[in-house]
Structure formats: structure tokens, C-alpha cells
Amino acid sequence: MEFGRFSENQTLPLFEMKLQFFGGFGALAGRSEDIARLQTGATLFDLLQTLATRYGESFRAELLQSDGALRDDVMITVNGTIMNHAVAADKALHPNDTLALFPVFPGGG
Amino acid sequence: MHAYTGKILYVDLSTGASRVERFDETLAKEFIGGTGFGVKMLIDTLPPGIDAFDPRNPLIYAAGATTGSMLPCMASKFGVFAKSPATGLLGESYSTGQWGAELRMAGYDYLVITGKAKKPVYLWIDDNAVQLKSASHLWGKTTWEAEQMIRDELGDQNVRVSGIGQGGENLSRLACLINDHFRAAGRTGLGAVMGSKNLKAVALRGTQDVTIADPEGFMELCKELYERAKGPATAKYRTLGTPANMLTMDAQCCLPTRNYQGASFENVHKVSGEVLNEKYVTRIQGCSACPCRCEHIAKAKEGIHKGAVSRVEYEPLMAFGPYCGVDDMNAIIKALQYCNEFGVDAIGTGIVVGFAMECYEKGLIAIEDTGGLELRFGNADAMVEMVRKIAMREDVGDLMTEGVMRAAREIARGSDHFAMHIKGLELTGYDIRGLKTCALGYAVSRRGGDHQRHGSYSHDLSGKVDRYKAERGRGKLVMDDEDMYAVVDSLIICKFTRTIWRGYDEIAKAYSLVTGVPMTGEELRQAGERINNLARLFNIREGMTRKDDNLPPRVMKDPIPTGVAQGSVTTQEDLDIMLDGYYEARGWTNAGVPMPEKLAELNLSSYAALIGEEV
Amino acid sequence: MHQFVSVDIKKCVGCRVCEYACSMEKTKTCNPSKSRIRVVRIYPHTNAALNCRMCENAPCVTACPRKALSQAADTGVIGVNDQLCNGCGWCVKVCDFGAIALDPKPTVRICDLCGEREGGPACVEWCPEVALSLTTGDALSQKARIASVEKLVEAVGEGQ
């Protein structure tokens with residue numbers, strides 16, 4: 001899968017990173033792993049918005065609230081480190097990074 | 001009032017007498033139902049300092065405020081309360097299914113059972129009529145057998161039963177109360193309280209109305225909530241369910257493995273939620289009036305445990321899977337079936353078996369003690385058999401059934417280092433060495449080692465805070481979680497669906513639509529705070545101090561060995577920083593005692609004597 | 001052919017929302033024992049909600065010793081004359097589906113397809129699993145025929 005950030009400068013180099021989908025995200029994306037090719041400078045938030053569009057409405061609803069913000073009960077890691085949703089907009093991504101999405105189950109079990 | 005029956009049934013098993021008392025809106029407004037009702041009744045009726053098996057220990061059932069109505073995901077639950085045989089402090093446990101609604105329809109919000117019957121009995125409530133019937137022929141039967149026998153002899157297959165198996169009869173401190181086959185009021189050993197009273201079960205039949213204050217407004221609200229409850233907010237519970245946590249927890253080194261020796265499991269892929277659903281789940285069914293249907297029923301497919309059946313959630317799967325080093329799903333399902341049939345807490349029993357395994361591997365107990373079982377980590381069949389031995393008090397099961405705290409005291413030789421409990425209640429499925437906010441939640445939880453009173457792992461796992469750092473400010477986070485959950489556990493909202501609600505104001509409106517009792521969002525929030533403070537007073541009265549808000553030695557001293565959280569521990573120093581912040585946020589002294597101003601603010605000044613103040 | 005509410009046993013999860021919806025519709029209270037549709041759960045996980053099938057030549061009507069029950073010719077809905085009903089329970093005994101129940105008045109409770117209710121039967125509207133449908137015997141057998149052909153085609157391939 002290939003996508004990038006729209007920009008006037010179409011010659012920005014692309015890089016690859018890995019995507020891993022856990023729990024329901026895998027079922028909704030139709031796969032448990034994928035590769036993304038991004039333009040240099042893409043942030044975590046850019047990537048998540050694009051995934052939400054790429055994998056359809058149910059995936060979007062599992063990841064984002066109706067106002068477009070990230071759901072509180074989703075755990076996002078980049079290279080194993082849990083990402084604070086509030087800094088997702090600024091978090092820059094790099095070649096060979098691994099993004100993983102997990103559902104978290106508030107309450108009980 | 002609507003929905004509330006306004007009636008409390010007191011039953012004295014020693015004399016066989018029963019009486020009904022009424023309560024009014026005042027109690028409802030301040031304590032709501034469920035937890036609030038349970039804690040209030042317990043502190044008011046339990047003589048201070050008595051043993052949990054003393055006949056005077058009241059076994060209290062309390063319905064949620066909206067139980068028995070049609071309010072989505074808020075219509076089926078009830079709580080059970082007593083002094084806990086495991087902790088000697090507040091015993092509380094919640095269950096769902098069909099029994100709770102039936103209690104309301106039988107005409108009661110509350111059951112308060114005291115005394116001890118001379119011979120085994122069961123309590124039979126047929127609408128308002130109350131009878132004690134002989135249970136001599138039921139004693140020694142599993143919970144499933146007993147329920148069927150009760151239904152057959154009463155001639156009604158819709159009779160709802162909450163009762164004990166051999167675990168409760170044998171006064172196991174892990175004993176629980178099973179209803180509707182697969183549901184449990186699981187933790188804090190309340191099944192043993194029932195057993196100590198020679199009580200086998202509480203059987204109900206109710207045909208009375210649960211009235212609604214504003215039927216039209218109510219149906220409109222239900223329609224709206226149904227849409228939300230069927231939507232993305234709850235989708236994950238209705239598909240993979242909580243077992244999906246296995247891979248999540250493993251990836252982040254939060255998955256207690258081999259009695260907390262590790263925080264991730266090399267064979268997790270054999271016991272993941274994905275595998276469970278793909279190969280073992282036969283049906284997903286629902287609780288009373290709930291549109292969500294999330295009860296994953298699984299069946300063992302092959303081997304000697306083929307045919308075993310149980311509901312499977314993350315916690316019990318963790319407890320009998322990675323916690324015991326076991327990767328055989330068939331054995332895990334059988335272990336869970338045993339827990340349901342014999343009536344012992346699935347989480348606690350798994351933790352106890354894990355402890356026993358470490359004792360065995362360290363040579364602290366031997367094969368003569370285990371009745372010939374090679375009780376090593378990973379030995380799935382030994383694990384299954386150990387559940388039975390614990391329920392039946394056989395061989396070393398007789399010691400282990402006392403829980404890890406007491407077992408470690410007896411075994412000594414350093415075993416208390418890895419006895420994973422807080423206040424005498426076994427820990428649950430989040431490795432709190434690498435989840436600091438969650439660690440605080442566990443340390444201060446009013447019923448002991450538990451995630452259900454706070455759910456504070458959500459902060460650590462959402463990345464909003466640094467999961468590896470102990471900060472004073474975590475205290476306020478845990479406090480807010482606890483107060484919200486006290487409201488949730490009083491109404492009783494199913495925690496799986498908490499996110500369909502948009503805040504206290506909306507919940508308060510729904511509450512008033514159903515009950516007719518006026519309530520604002522702030523009053524609701526304050527009720528939650530009140531309940532937590534009253535619970536704290538109860539525990540203090542029963543002997544708890546700051547030093548009981550602690551963490552097990554392994555959590556404080558043995559770092560997570562591998563993975564992203566490698567090296568993590570939560571030290572006493574970490575805990576003290578967070579505890580100071582928590583007590584301050586709560587308006588308690590640095591010794592963890594509510595201050596008079598806080599009690600006054602919450603209208604609890606009548607209990608001020610418990611903190612050494614003049615009333 | 002008479003219409004009736006039918007349950008898909010593969011979809012029913014025993015949640016009892018239908019019972020609550022029916023009792024709210026009929027009595028404005030939550031009381032499954034007053035519901036005209038009742039859930040059966042057999043452990044570990046068999047669930048079905050059952051109600052009146054609007055039988056042709058309904059046995060309950062025939063059995064009533066006081067002729068208190070009648071069946072509407074067009075819809076097949078069973079009606080009860082409260083003046084005549086004495087709560088003897090013969091109708092309950094002869095119903096194969098346990099779909100008729102005694103009410104203390106005395107009278108009986110039985111599904112009337114929610115009469116004039118906008119949107120049709122409440123239970124069908126509320127079922128969260130879409131396990132209930134307002135259907136006829138013909139429609140059910142047609143569904144079964146289509147499903148079996150689809151299964152056959154899947155097994156042997158199209159155009160065989």
C-alpha cells in the first residue's frame with residue numbers, strides 16, 4: 001500500500017514502515033500486518049488519518065471518535081513505545097519504524 | 001420511587017425468622033444501590049472486629065439502582081457484600097446474568113442474611129413469600145447440579161439461583177457464588193461466608209413489575225442507548241472480547257507470567273483471543289436486557305478435557321494460561337469449568353495455583369504434598385487437578401485454598417516474597433511493575449489486589465502519562481477513576497459499556513427517568529466519593545492502615561526481566577510518592593484517614609467516631 | 001396465511017430484550033412474566049424466544065370449555081372474552097409452544113402482533129440481534145429452500 005502526504009513538493013522521498021494490527025483492528029483492516037510508504041515529514045497523526053480512510057468506515061470508527069480525535073481506548077505504539085495521543089500530531093516517523101494498534105479494554109474482564 | 005422496590009429483606013438463619021423493612025429516597029439519593037447500598041448496610045450491621053465466619057457476619061445482596069429495568073447494559077447486575085474471609089476487610093463482588101433482575105421482580109432491593117442454620121438450607125423467595133428449605137440433599141453437589149435440582153423440585157425451570165459449590169461448603173477463602181451457570185460473584189471469598197452459614201443457595205422467582213417513572217421518555221432513551229451500545233464503542237467486546245487483551249498485554253510486557261516471574265509469555269499465540277475465538281468459542285450470548293451480548297462461551301476441543309465448557313474472559317484466561325505457564329486452551333477451559341462447578345474464584349484460584357507451582361519448583365512443597373502431582377509451571381493437567389484439590393481441600397489444596405497470603409505464612413522460607421496479593425486478595429492481570437498509575441490503583445483498592453475499582457491502567461496504556469514514572473499527580477487520576485467506578489458499581493453499569501455514556505449529567509438524567517428520584521451529575525459524582533470514603537472508614541474500623549496500601553515484595557524488588565518494560569519495578573519510594581498524592585487528593589491525612597472536613601462535606605459526619613472524632 | 005413472529009434460533013442470544021419490550025408495550029412496566037414472548041435458554045448456549053404461531057384452527061380455541069377464545073379469520077390472532085374466561089388453563093395445556101399464559105384477572109396473555117402499533121410488533125423492532133421477524137409459514141419454507149440450494153451450489157459449483 002502506498003500513500004503519502006499531499007504537498008506541493010511531489011519530489012519528497014518516500015520511506016517504508018511496518019504496520020501491525022491487533023485485536024479487532026486486524027479483522028477490520030482485513031490483515032494483521034501491512035507496509036506503509038510515506039513521504040518524509042509525515043507525522044503519526046497523518047498516518048492514522050490515512051489508515052482510517054484506507055481501511056473503511058468500521059476501521060475508522062474503531063480508531064477515531066466521531067469528532068475525528070483518537071479514541072481513548074486505543075493503544076498506539078511506535079517501535080514498542082506507547083504514544084501519548086496528545087503528541088501524535090507532532091510525532092515524526094522514520095524509515096523502518098513499526099506502528100502497532102491495540103484495543104484496550106477499560107473495565108472488567 | 002420507581003424501579004426501587006424500597007424493601008429490605010432480613011433473614012436470620014439461626015431462628016428462621018425474616019422481616020421486611022423499608023427504605024426511602026434519602027438512601028437512594030445518597031447511596032444509589034449496588035456498592036453504595038452494600039457498603040452502607042455492611043458498616044451499619046456488622047459488629048466491628050468479628051471473624052468473617054462468625055454467624056453475625058451479614059451476607060448482603062444489593063441490586064443495582066436500575067437492575068430489572070430495560071435500560072441497556074444497566075439492567076442485570078447485583079452486588080454481594082460481607083466481611084471478607086480473605087482480607088478481613090470489605091468483601092464485595094458483582095455478578096450479572098438473570099438473577100439480579102429476578103431479585104427486583106421478587107420484590108426486594110436488598111437481602112441481608114445473618115445467623116447460621118442448624119442444617120444445610122437454601123433460601124427460596126417466591127415473589128414476596130420467604131421460605132427456608134432443606135438443602136441436605138444439595139450439600140456436596142456442584143453449583144450446576146444444585147441449580148438443576150432446585151429448579152426440578154420447585155417445578156420451575158425459570159427459578160434463578162445464586163449459590164455455592166463444594167468450595168463454599170469447604171470454607172475455601174477463594175469460594176465464590178455462581179448464578180446462571182457461568183456468572184460469578186467471584187472475589188473476596190463470599191462463597192465461604194455463605195457456606196459458613198450452612199446456606200447452599202438463594203433461589204428466586206419474581207413476577208412483579210419493575211415500574212418506570214417516565215415510560216415514554218425511558219423508551220426514547222433506551223432507543224438512543226441501544227444504538228450506541230450496538231455501535232463502535234462496544235464492538236470489540238462483541239467480537240474478540242476481552243481475551244484480545246492477551247496479545248496487547250504481552251506486547252507491552254504487562255502480562256503476568258509464571259507467578260509474576262515474567263511479564264510476557266513466549267507461547268501467548270496459543271492462548272490469544274484470536275485463537276480462542278477461531279477454534280474454541282461456540283456461542284456469544286447475552287445478559288438480561290442487554291443488547292451487547294458479549295458472553296463468550298468456549299468448548300474444549302480435544303484431549304482428556306474435551307467437552308469442557310466455560311465462559312472465557314481475559315482475566316481467568318491469564319490466570320490459568322500465562323500465569324501458570326500453560327498454553328493448552330483445552331486445559332484452561334476445563335480449569336474454568338471446575339471453578340464454576342465447584343464455586344471458586346477463577347482469577348484467585350489461577351494465581352494460587354501459580355504460587356503453588358513456584359513453591360513446588362523451589363522445593364518448598366513436594367510431590368507428597370501435592371498428592372502425586374508434578375506441579376510445575378506448564379503442567380496443564382496438574383493445574384486442572386489442582387483446582388479440584390483446592391475446592392475439595394485435598395492434600396496441599398487444603399493449605400492453598402486459604403489464599404496465597406495465608407499459605408505463604410504457613411510455608412514461610414521466603415515464600416511471602418512471591419505471594420502475589422494485596423491485603424490478602426490475589427493480584428489480577430496487569431503487571432504493575434511497568435504501569436505506575438495502575439499500581440497505585442491496586443495498592444489502594446478497597447477490596448484488595450484488584451483492577452475493578454479503578455481501571456487506572458487506561459492512563460498508563462493510553463500514553464497520556466509516563467507508565468514508568470511515579471508522580472504525585474497520579475493520585476487524583478486514581479481518585480477520579482474510583483469515584484466514577486463507585487457510581488458505575490452502584491447503578492450498576494456494565495463496565496464493558498461505560499464509554500457509551502457521555503458523562504455524569506447524562507447518567508443522572510437516565511437514573512431519574514427510571515427511578516423518578518431527582519439527581520444531578522454532581523450529586524452522582526459526589527455519591528461515588530461518599531461511597532469510597534465510607535468504604536475507607538469501614539476498612540479502618542476493621543484494622544486497615546496506610547501500611548496495608550502496599551505492593552507485594554516481588555513487584556517492588558524483582559524487575560521485569562525482558563521486553564519493552566525490562567527493568568521495571570514499582571518501589572516503596574514510588575508508591576509513597578503516589579500514595580501521598582492520592583491521600584491529599586482524597587482529603588485524607590497522610591496516614592490515609594479521612595479528615596473531619598471531608599466527612600462533613602459528604603454528609604458522613606455520623607461516622608466521625610471511626611476517625612476518633614466526637615460525633 | 002397467518003403472519004406470526006418467528007425466531008431464528010441461530011441468532012437468538014437469550015438476552016430477553018424482547019420480553020422487556022413486550023411488557024413495556026403492553027403494561028408500561030418492565031416485567032418479563034407479563035410478556036407475550038418468552039425466552040428459553042438451555043445450557044450451555046441454546047436460546048430461543050417463543051410466542052404465538054397463529055396456528056390454523058388453533059387448538060387453544062378448540063380446547064376452551066367456555067368458548068372464551070376466538071380466532072380472527074384474517075390475521076389468526078387469538079382474542080379472549082374476559083367475561084367468559086375462568087382461568088382454567090386448558091388452553092395453556094394444549095398449546096405446543098407454551099405461547100399462551102394465564103393472567104390473574106382471570107384472563108390470558110397471548111401475542112396479538114401488537115395490533116395497531118406503528119412499526120409493527122415491538123419485539124421484532126427491539127431485538128438487538130435481528131433474530132425475530134414477522135413472517136408466514138410459506139415465507140419460512142421458501143427461505144429454507146433457497147438456503148439449501150445455496151448450500152448445494154456452494155458444494156458442487158454453479159452450473160452443475
Side-chain angles (χ1 to χ4, degrees), chain A residues 18-33 44-45 48 52 55-91 97-109, chain B residues 94 96 231-233 235-253 272-274 277 294 313-318 347 428-430 451-452 454-468 481 484-485 488 493-499 563-565:
Chain A
K18 295 195 268 281
L19 306 172
Q20 292 175 339
F21 304 122
F22 287 83
F25 287 110
L28 294 170
R31 70 207 67 199
S32 57
E33 288 181 345
L44 174 58
F45 191 74
L48 293 172
Y55 293 117
E57 266 318 300
S58 300
F59 186 97
R60 168 184 288 274
E62 195 73 9
L63 181 63
L64 304 175
Q65 291 169 166
S66 47
D67 62 2
L70 291 169
R71 270 171 65 161
D72 270 346
D73 57 349
V74 174
M75 184 168 89
I76 300 167
T77 65
V78 174
N79 302 330
T81 305
I82 301 176
M83 291 290 112
N84 182 345
H85 295 187
V87 305
D90 302 319
K91 167 79 184 157
D97 276 352
T98 301
L99 171 91
L101 295 180
F102 301 86
V104 177
F105 288 76
Chain B
Y94 303 86
T96 180
K236 60 194 176 193
Y237 291 104
R238 291 181 277 110
T239 52
L240 285 176
T242 60
N245 261 354
M246 288 292 268
L247 293 185
T248 306
M249 295 298 130
D250 181 73
Q252 282 302 315
C253 287
S272 67
E274 285 75 359
N277 278 274
C294 71
E313 297 285 344
Y314 166 66
E315 289 284 343
L317 181 58
M318 176 282 307
I347 303 177
T428 64
Y430 298 90
H451 59 287
Q452 287 274 54
H454 52 94
S456 296
Y457 49 81
S458 59
H459 304 285
D460 297 314
L461 293 177
S462 69
K464 285 199 190 111
V465 297
D466 184 341
R467 62 183 274 208
Y468 300 114
D481 285 345
M484 168 52 102
Y485 271 12
V488 161
I493 297 176
C494 176
K495 294 204 179 84
F496 289 179
T497 63
R498 191 175 72 67
T499 55
V564 300

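This structure is a prediction, so every number in the text was calculated from the model and none was measured. Just so it is clear: chains get the letters A, B, ... in the order the sequence lines come, proteins before strands, and each one is counted from 1.
- Per-residue counts of heavy-atom pairs under 4.5 Å with chain A were compared for B/G231, B/A235, B/G241, B/P243; the largest is that of B/G241.
- Not a single donor-acceptor pair under 3.5 Å links the side chain of B/Y314 to the backbone N or O of B/G273.
- A/N79 contributes a side-chain N or O that, together with a main-chain N or O of A/T98, makes up a donor-acceptor pair within less than 3.5 Å.
- Per-residue counts of heavy-atom pairs under 4.5 Å with chain B were compared for A/H85, A/Q65, A/M75; the largest is that of A/M75.
- Looking at B/D460, only its backbone comes within 4.5 Å of chain A, counting heavy atoms on both sides.
- A donor-acceptor pair under 3.5 Å is absent between the side-chain atoms of A/E62 and the main chain of A/F25, judged by distance alone.
- Residues B/M249 and B/L461 have side chains in contact (heavy-atom distance under 4.5 Å, counting atoms from C-beta outward).
- For chain A, the option among B/A233, B/A565, B/S272 with the highest count of heavy-atom pairs below 4.5 Å is B/A233.
- When each of B/C253, B/A244, B/S462 is scored by its heavy-atom pairs under 4.5 Å with chain A, the top score falls to B/S462.
- For B/L240, the part sitting under 4.5 Å from any heavy atom of chain A is the side chain, from C-beta outward, and nothing else.
- Neither the backbone nor the side chain of B/T239 comes within less than 4.5 Å of any heavy atom in chain A.
- Proximity of A/T77 to A/M83: side-chain heavy atoms (C-beta onward) are nowhere separated by under 4.5 Å.
- At least one donor-acceptor pair under 3.5 Å links the side chain of B/K495 to the backbone N or O of B/Q452.
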